[in-house]
Amino acid sequence: MSSTPSSVENSGEQNAIAVTGHEPGAAGQEPVLSVRHLRVEFPTRHGTLVALDDVSFDIAPGEVLGVVGESGAGKSMTGNAVIRLLEPPGRIAEGEVHLSGRRIDDLPEERFVPLRGRHIGMIFQDPLTSLNPLFSVGDQLIETIRTHLPMNEREAREEALKLLREVGIPAPENRLDSYPHQFSGGMRQRVVIALALAARPEFIIADEPTTALDVSVQAQILALLKRLCADHGTAVMLVTHDMGVIAETADRVAVMYAGRLIEIGPVDEVVRNPQHPYTKGLMASIPGIEKRLERLYQIEGSMPRLAAIPAGCAFNPRCPHAQERCRVQRPDLMPAEGSLAACWLHDPVDPLPPRRGEAGEEMAHVR
Amino acid sequence: MLAFLIQRVLQAIFVMFVVALISFSLFHYVGDPVLNMLGQEATEADRAALRAQLGLDQPVVVQFWNFVVNAAQFEFGISYRSARPVTDLILERLPATLELATISAIFAVVMGILLGIYTALRRRSWLAHFIMTASLIGVSLPTFLIGVLLIYVFAVELGVLPAFGRGETVDLGWWDTGLLTTSGLRSLILPAITLGLFQLTLIMRLVRAEMLEVLSTDYIKFARARGLSKRVVNLRHALKNTMIPVITIIGLQLGTIIAFAIITETVFQWPGVGALFITAVRFVDVPVMAAYLMMIALVFVVINLVVDLLYYAVDPRLRAQGGGK
């Protein structure tokens, strides 16, 4: 069915490693969200594109999982697949999604709709376009509240006021009947958060919630999101390409590359001691105040297009350690120090010998 | 809001003034009506007398001024052909045209919006594909041909509907209606479809295109992500945003329905203002032509004004610019 060769090796017992492998930090509690071997395909005229391939992760109650990667790595795609808002013709081809222990990816659409907003919330990148310009903020809030909770118009209005107050909108009584264009960008994102949290979902997907905002407002919105989720025990999947946001907000980090999850672990581990060569390069390319450099470090080459993902490890053409095995066999997530990394360097049975002296390596250790 | 209204009304008056100028110039460029009216045996003195009676001996500026002042009071002089006041002629023909235009407009708008929504929401269904293909016919076939085809199928071959005329009408004193008799209603069906079909397909295609665009916006995706039902998302959130550009086009199209009624009225021998205009053109009956021109212009200007006000009602962003919350 698939046109990529990687899917051939990507079956059988190798999958078992990722399923049974305990992720640090997620152990102990039953996860709110559990994604197993998720595969998203886009059938096109020129063959099937695999946008997500064998993505597995858990999120514990109240936990913030940061998802990072370049544009097109599949970060937003993962969020959209979980809440089942993929743009057609995209579809979940394989894998399972469990919410609080209940499988949700195979529910018929009419039974999935009530989950959105009630159990899974979502916040989008651009608050300027996330609100319907023709309805007042109050209308949109009341409508959302009444969709999920058994309240009459008046009670819902009270609840809407409470929500606006909670997200820090001053004098909400006066703002409830205002239209979105009468709010600033930061205020609109607060409204969006209020809408997403209106029915107190246990899990929320925040898709680059601060990217479109002024830097000075970003920190406020992140702090707000973090506080609200901590108060209500809401788990968060925070999609971003900003490592600063991750370091600030997330408990664990998942790094994505070419539609695959290549490293996942506690935020401190992944940021300070990255295990996958790609993550090392990613961390090394972040500018810092303390190090003065002529040029910023960059990883040679660029991420492959979905139509041309190489066989074996997707990163092998750019990897300083790549060897024959990397070009043939695709690595699954394997325990690596405090994290899990999808790299043959960490093969518990037969680890690949790393090559020394590569720039990314050096830089990463300097940090 | 008031300033906006005043500004729009002033603009409308200006447009009407320009149209009046064009209508008036008709009197001077389509030949000498006096020659047509009196025939060949008239003497020079007869002609001068008629010229004076019609006010054609006065300076052009004075004539124009008189024309504008009279037009403002719906006074367009005497028809050269029937020697009756033009206003009376138009008023007695107007109900037929307005009933035809209103029914076909309702047909076009209601069906256009419904089909537009359907084809946007069920984009991939075979019925939507069929409707879209069929709509090409409505867009590309000329009105008179559609009329003739409908007459051929429903009047000649099947013999179920009348081919021409208005059927029986009921005189309400000030309004002569065909809507109250069965034969009047039956007579209305074919001309109304003929007149409305082009508008229907246009509105449908526009609604579909706008709706598809709105459905791909972030706020629709966010509305879905909040768990709102499909119905609420499609028919409340998406439709309202779709209607903003659609209102403009519908408004303009309503004007063209009245203007294009000429062709349909000719095909179906419908006793309306359009047919009156065609006769007037044939006989160089300039006052009737000028009055018709002014009437159509007025219809367009009024509709545009209403459309602008509707924007205000639909889009809160415009309200805010006008001052106040």
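For the numbers below, each heavy atom of this structure counts, side chains included, while hydrogens, waters and symmetry mates do not. All figures in this text were calculated on a predicted structure; none of them were measured in a lab. Within every chain, numbering begins at 1; the chains are lettered A, B, ... in the order of the sequence lines, protein sequences first and strands thereafter.
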A.B. asks: Among B/Lys240, B/Lys230, B/Lys221, which has the most heavy-atom pairs under 4.5 Å with chain A?
C.D. replies: B/Lys221
A.B. asks: Is it the case that the ring center of B/His237 lies less than 6.0 angstrom away from the ring center of A/Phe135?
C.D. replies: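 Ring-ring flag for A/Phe135/B/His237: true, centres closer than 6.0 Å.
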A.B. asks: Heavy-atom pairs under 4.5 Å with chain B: which of A/Asp177, A/Val192, A/Ile205 has the most?
C.D. replies: A/Val192
A.B. asks: Side chains of B/Glu265 and B/Thr97: do they bring a donor and an acceptor to under 3.5 Å?
C.D. replies: yes
A.B. asks: Salt-bridged, A/Arg200 to A/Glu166, with N to O below 4.0 Å?
C.D. replies: yes
A.B. asks: Side chain, backbone, both or neither: which part of B/Ile220 has a heavy atom under 4.5 Å from chain A?
C.D. replies: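 No part of it gets close to chain A.
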A.B. asks: Side chain from CB out, backbone as N, CA, C, O: work out which of these in A/Pro133 comes under 4.5 Å of a heavy atom of chain B, or both, or neither.
C.D. replies: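 For A/Pro133, backbone and side chain are both near chain B.
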A.B. asks: With a distance cut-off below 6.0 Å to the six-membered ring centre and an angular limit of 45° from the axis, does A/Arg188 pair with A/Phe183 as a cation-pi contact?
C.D. replies: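 Ring-cation test returns no.
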A.B. asks: Quick one: list whatever passes side chain to side chain contact (heavy atoms under 4.5 Å, CB included) with A/Lys226, sequence neighbours left out.
C.D. replies: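 Partners of A/Lys226 under the side chain to side chain contact (heavy atoms under 4.5 Å, CB included) test: A/Thr249.
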A.B. asks: Quick one: what part of B/Val214 sits under 4.5 Å from any heavy atom of chain A, side chain, backbone, both or neither?
C.D. replies: neither
A.B. asks: Checking heavy atoms, do the side chain of A/Glu110, its backbone, both or neither come under 4.5 Å from chain B?
C.D. replies: neither
A.B. asks: Any salt bridge between A/Glu155 and A/Lys162, counting N to O under 4.0 Å?
C.D. replies: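 A salt bridge is absent here (no side-chain N lies under 4.0 Å from a carboxylate O).
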A.B. asks: Quick one: what part of A/Thr129 sits under 4.5 Å from any heavy atom of chain B, side chain, backbone, both or neither?
C.D. replies: both
A.B. asks: Tell me whether the NZ or CZ atom of B/Arg226 lies within the 45° cone about the ring axis of B/Phe222 and under 6.0 Å from its centre.
C.D. replies: yes
A.B. asks: So which of A/Val113, A/Ile120, A/Leu134, A/Leu131 has the biggest tally of heavy-atom pairs under 4.5 Å with chain B?
C.D. replies: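 Result: the option with the highest number of such pairs is A/Leu134.
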A.B. asks: Heavy-atom distance under 4.5 Å to chain B: side chain of A/Gln125, backbone, both or neither?
C.D. replies: neither
A.B. asks: Quick check on A/Pro201 against chain B: is it the side chain, the backbone, both or neither that has a heavy atom closer than 4.5 Å?
C.D. replies: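 For A/Pro201, neither part sits under 4.5 Å from chain B.
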A.B. asks: Does any heavy atom of chain B fall under 4.5 Å from the side chain of A/Ile83, the backbone, both, or neither of them?
C.D. replies: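 Just its side chain gets close to chain B.
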A.B. asks: Side chains of B/Tyr292 and B/Ile262: does their closest heavy-atom pair fall under 4.5 Å?
C.D. replies: yes
